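Below is one structure; the comments refer to it alone.
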Amino acid sequence: MDKLIDLLVNATIAWRLTNLSRDRADRAAEKESLRTQADALTVAVLDLQHAAAVNRILWEWHASRVRETFPMPHHPLGSR
């Protein structure tokens, strides 16, 4: 009977330790996944900011060329 109790206790301890280890590994994998997603989001935001800055520069250059080529003294854009 003592061997059966020892076997049950050891099995229960092994089961619990296995679950704890698995939960810890799952949490570590989730943290790494969140870090990867955060890095990807940061890169996406920086790419978007860069594209917006380039777009603004190009539009301002074209707009200034149009204002120089076709001056409109009574138009709000022509007074710049």
Side-chain angles (χ1 to χ4, degrees):
M1 186 70 159
D2 288 337
K3 287 186 179 185
L4 180 61
I5 292 174
D6 286 343
L7 182 64
L8 287 173
V9 168
N10 288 338
T12 304
I13 291 172
W15 173 78
R16 183 65 182 143
L17 289 176
T18 301
N19 283 343
L20 287 173
S21 177
R22 188 177 302 127
D23 291 346
R24 185 175 295 128
D26 288 346
R27 282 193 305 270
E30 186 175 345
K31 280 183 182 180
E32 186 59 34
S33 174
L34 288 174
R35 278 193 195 102
T36 302
Q37 290 176 0
D39 290 344
L41 183 60
T42 301
V43 169
V45 167
L46 291 174
D47 285 347
L48 188 60
Q49 288 176 341
H50 177 72
V54 169
N55 188 31
R56 187 171 35 255
I57 290 168
L58 290 175
W59 275 104
E60 283 298 317
W61 180 79
H62 285 295
S64 67
R65 295 280 303 212
V66 168
R67 283 193 297 269
E68 291 169 3
T69 306
F70 305 106
M72 302 169 86
H74 299 297
H75 192 275
L77 292 178
S79 62
R80 288 185 183 180

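Here the structure is a predicted model, which means the values were calculated and not measured. By convention here, the first residue in the shown sequence is residue 1.
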Could you pull out all residues at least two apart from Glu30 that satisfy salt bridge (charged side-chain N to carboxylate O under 4.0 Å, His left out)? none
With sequence neighbours excluded, tell me which residues meet salt bridge (charged side-chain N to carboxylate O under 4.0 Å, His left out) with Arg35. Glu32
Val9 and side-chain contact (heavy atoms from CB on, under 4.5 Å): which partner among Asp6, Ile13, Thr12? Ile13
Sequence-distant partners of [X], side chain to side chain contact (heavy atoms under 4.5 Å, CB included), two or more places apart:
X: Asn10; result: none
X: Leu48; result: none
X: Val43; result: Asp47

Give, for atom OG1 of Thr36 and atom CG of Leu41, the distance between the pair rounded to the nearest 0.5 Å. 12.5 Å
Rounded to the nearest 0.5 angstrom, the CD1-NE2 distance for Ile57 and His62 is 12.0 Å
Please determine whether residues Leu46 and Val54 belong to a single hydrophobic cluster, defined as Ile, Leu, Val, Met, Phe, Trp and Tyr linked transitively by side-chain heavy-atom distances below 4.5 Å. no
In terms of hydrophobic clusters joined by side-chain contacts under 4.5 Å, are Leu7 and Trp15 together? no
Side-chain donor-acceptor pairs of residues 18-27 under 3.5 Å, sequence neighbours excluded:
from	atom 1	to	atom 2	distance (Å)
Thr18	OG1	Ala14	O	2.7
Asn19	OD1	Arg22	NH1	3.1

Within the 4.5 Å heavy-atom criterion, are Gln37 and Leu34 side-chain neighbours or not? yes
